[in-house]
Undergrad: 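This is the structure I want to talk about, given as structure tokens.
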Amino acid sequence: MLRMSTLFLRTLREDPADAEVPSHKLLVRGGYVRRIAPGIWSWLPLGYLVYRNIERVVREEMDNAGFQEVHFPALLPREPYEKTHRWEDYGDNLFRLQDRKKADYLLGPTHEEMFTLMVKGEYSSYKDLPLCIYHIQIKYRDEARPRAGILRAREFVMKDSYSFDVTDEGLEKSYQRHREAYISTFDRLGLKYEIVSAMAGAMGGSKSEEFLAPCETGEDTYVKCPACGMAANVEAIVTQKLPELDAHDVPAAHVENTPDTPTIASLVEISNSRSELRRADRDWQASDTLKNVVVMQVAVDGTRTPLVIGLPGDREVDLKRVEAALHPIELEAFEEEDFKKYPALVKGYIGPQVLGEKSVSGIRYVVDPRVVRGSRWITGANKPGHHVYDLVAGRDFDWDAVMEAAEVRQGDACSNCGEELSIARGIEIGHIFQLGRKYAEALDLKVLDENGELVTVTMGSYGIGVSRAVATIAEQSHDEKGLIWPREVAPADIHIIAAGKDDLPFDTAEKFAQELEVQGVRVLFDDRRGVSIGVKFNDSELLGIPTIAVVGKGLNDGVIEMRDRKSGEQQLVPVDAFVSTVVDLCR
RNA sequence: CGGGGCGUAGCGUAGUGGCUAGCGCGCCUGCUUUGGGAGCAGGAGACCGCGAGUUCGAGUCUCGCCGCCCCGACCA
């Protein structure tokens, strides 16, 4: 039994000054967590109870699915990560350290290497597969900017599973088993979530889906189609394919003097205001202009090459999407100095006529899928103060590739069914990947197949943010008064308040609390004497135990007040029926 | 790494170069109070982020450093 009189807890009346998001404010105010360093948190008794409940649910669901739990250290040697290049690829995000002999170690950001090597050490036959193993361990990532309390921390707990199969079909099955296990896990945790298709990103591999908890404070943006149900992270979304256009009646391209048109808006305005530039059938719009954005690509070996991205002028480039498409190449801003090195690129007036790997400049040119063959554009003439009109894609210029580079907008057409997409934000609470053979290859994990041939194993990797789930539930489940825990993860089933100054309510509440404990109900008992009722009520609402019982003046009428924290509904329960009512409620 | 903001008691904060650094919450003692963050009285608690400098005098001004928060970059 948790007794408020002795519980290691101090609730705060005011929000901490450095907190921004609800989960951060409420978990700190409620005395669930305290900050130790940026992105590094301590759990106080109530917080640790919630954390352990979530961990328990995750573990039970993994075990139910038939996965086996192992446990790796958080402190790991460098070598395996060297072999998969992640010692370098992770960059500054990796916590590195040395032992007394100056040997390199790291604090594991995730454990693909270790799992792969463990299986390699034990298994060597296809008969041993498939295999799914997992562990729950503290992970370390030296995030450039931890934020939002424990939502994005540098030390956090993750459940990560790995599947090992001989065939692609086997991998698909293991993947689906995890998908189902995740659905039941998050359902039990009371989380609302969407399953969206995602990019594999730095993990490598092919198919990948994210479990996103819809939430304004989430860092991931995803789209959803209300009609067909398609859902995808913006990084993974595919633009609706547009048909090629017939451009036989478009006049030949012509260069025009368009001074003082550094922006798309000014270009559109001048194009509509000058009669010789005007379009016959309608006004020019920003989407008629072809904006060419130049960025610097940085390859893994540090080589820098420019990349020009062509897209309609009313769209912005979404660098996240470009990087997702280009991975592992990274992007940097194209600086003033870079323009000097590439005279073909005229700042503000870049046009595709001089671009492309096969062109004189040799600069790679990619276009947004909206730039279809036959489409007609106004774009830069590669000469300061000049634009070219009626430049037709495929007739007057070409490109090296089509790339998903433009920002995704609310109302864009679904690539699947054409309906308007809606856009939302979410917190990544789980991610499932088909890794394929990347790690098995790098670490040489092979088994003999039924023909006695050595084959490389194919793997999947599946993560759940356990500590993040605490904050995510808090984000999704609170009101202006405080937290509202789903019973499965709550630090207690019932919060019993003894009210008044007489012994009777305290003695009665004490008796109830003990009887309930015997019945297996988890009780938080506010047995503090001399604390005013208002404080107790406010604390109970802040702490967010799903059921609150007040043992006080109702005793005169032989009743206990029971309140549902979430709905606020109150019912008066006869004293004699109290214990059985609570037991029924919590069962 | 770029932009912005902020560092004063456990928490939230006030503080024109000038008395002993103020207030609220919380904490301690006593009395009162007891159904929505109680009242009165008394108390403890501060290296004013660190270091230089300017000045008769610095929480306050200057410079440097450190740290934190937010936005961006970055990020399974």
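Naming convention: chains lettered A, B, ... in sequence-line order (proteins, then strands); numbering from 1 in each chain. This is a predicted model, so every value here is computed, not measured. Values below: all heavy atoms of this structure, side chains included; hydrogens, waters and symmetry mates excluded.
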Undergrad: Please give the distance between the C1' atoms of B:A46 and B:G26 as a whole number of Å.
TA: 16 Å
Undergrad: Are the side chain of A:Arg565 and the backbone N or O of A:Ile548 linked by a donor-acceptor pair below 3.5 Å?
TA: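 Pair absent, no side-chain N/O of A:Arg565 close to backbone of A:Ile548.
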Undergrad: Base, sugar-phosphate alone, or nothing: which one does A:Gly31 contact when heavy atoms must sit under 4.0 Å apart?
TA: nothing
Undergrad: Is A:Arg529 paired with A:Asp503 through a side-chain N to carboxylate O contact shorter than 4.0 Å?
TA: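 Answer for the salt bridge query: yes.
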Undergrad: Can you check the A:Leu504 CG to B:G35 P distance for me, whole Å?
TA: 15 Å
Undergrad: Roughly, in whole Å, what's the span from CG in A:Asp15 to P in B:G10?
TA: 20 Å
Undergrad: Is there a residue in residues 173-185 of chain A whose heavy atoms reach under 4.0 Å of RNA chain B, and which residues are they?
TA: none
Undergrad: Starting at CZ of A:Arg425 and ending at P of B:C71, how long is that distance when rounded to a whole Å?
TA: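 Answer to the nearest Å: 9 Å.
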Undergrad: Please enumerate all residues that pass salt bridge (Lys or Arg N to Asp or Glu O under 4.0 Å) together with A:Asp368, with sequence neighbours excluded.
TA: A:Arg370
Undergrad: Decide, yes or no, whether a salt bridge links A:Asp160 with A:Lys139 under the criterion of side-chain N to carboxylate O below 4.0 Å.
TA: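 A salt bridge is present here (some side-chain N lies under 4.0 Å from a carboxylate O).
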Undergrad: With side-chain contact (heavy atoms from CB on, under 4.5 Å) as the test, would you mind laying out the steps for A:Phe433 and A:Glu112 before giving the verdict?
TA: CA-CA 12 Å; A:Phe433 289 92; A:Glu112 279 77 3; over 6 Å; no
Undergrad: For A:Lys159 and A:Tyr182, what are the C-alpha separation, side-chain angles and deciding distance, and is it a side-chain contact (heavy atoms from CB on, under 4.5 Å)?
TA: CA-CA 11 Å; A:Lys159 184 290 303 175; A:Tyr182 276 34; 2.7 Å; yes
Undergrad: Judged by modelled atom types alone, do A:Gln176 and A:Glu172 share a side-chain donor-acceptor pair under 3.5 Å?
TA: yes
Undergrad: Tell me whether A:Lys224 at atom NZ has more than 12 heavy atoms from other residues, nucleotides or ligands lying less than 6.0 Å away.
TA: no
Undergrad: Can you list the residues that meet the salt bridge (Lys or Arg N to Asp or Glu O under 4.0 Å) rule with A:Glu441, with sequence neighbours excluded?
TA: none
Undergrad: For A:Tyr140 and A:Asp142, run side-chain hydrogen bond (donor to acceptor under 3.5 Å, both in side chains): C-alpha distance rounded to whole Å, both residues' side-chain angles, the deciding distance at 0.1 Å, then the answer.
TA: CA-CA 7 Å; A:Tyr140 294 88; A:Asp142 192 2; over 6 Å; no
Undergrad: Let me have the donor-acceptor pairs involving side chains of residues 28-35 of chain A, under 3.5 Å, with sequence neighbours excluded, atom names and distances please.
TA:
from    : atom 1 : to       : atom 2 : distance (Å)
A:Arg29 : NE     : A:Leu12  : O      : 3.1
A:Tyr32 : OH     : A:Trp485 : NE1    : 2.9
A:Tyr32 : OH     : A:Leu543 : O      : 2.5
A:Arg34 : NH1    : A:Val28  : O      : 2.7
A:Arg34 : NH2    : A:Arg10  : O      : 3.1

Undergrad: At a cut-off of 3.5 Å, list every protein nitrogen or oxygen paired with a nitrogen or oxygen from nucleotides 36-41 of chain B, distance to 0.1 Å.
TA:
from  : atom 1 : to       : atom 2 : distance (Å)
B:G36 : O6     : A:Arg563 : NH1    : 2.6
B:G36 : N1     : A:Glu541 : OE1    : 3.4
B:G36 : N1     : A:Glu541 : OE2    : 2.9
B:G36 : N2     : A:Asn538 : OD1    : 2.9
B:G36 : N2     : A:Glu541 : OE1    : 2.3
B:G36 : N2     : A:Glu541 : OE2    : 3.4
B:G37 : O4'    : A:Asn538 : ND2    : 3.3
B:G37 : O2'    : A:Arg13  : NH1    : 2.3
B:G37 : O2'    : A:Arg13  : NH2    : 2.7
B:G37 : O6     : A:Arg29  : NH2    : 3.2
B:G37 : N2     : A:Asp539 : OD1    : 3.3
B:A38 : OP2    : A:Ser532 : OG     : 2.6

Undergrad: Is RNA chain B part of any stem, that is, at least 3 consecutive Watson-Crick or G-U pairs with both distances under 3.5 Å, and where?
TA: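 Stems found: B:1-7 with B:66-72, B:10-13 with B:22-25, B:27-32 with B:38-43, B:49-53 with B:61-65.
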Undergrad: To the nearest Å, how far apart are A:Lys501 NZ and B:G35 C1'?
TA: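 Spelled out: NZ on A:Lys501 to C1' on B:G35 is 13 Å.
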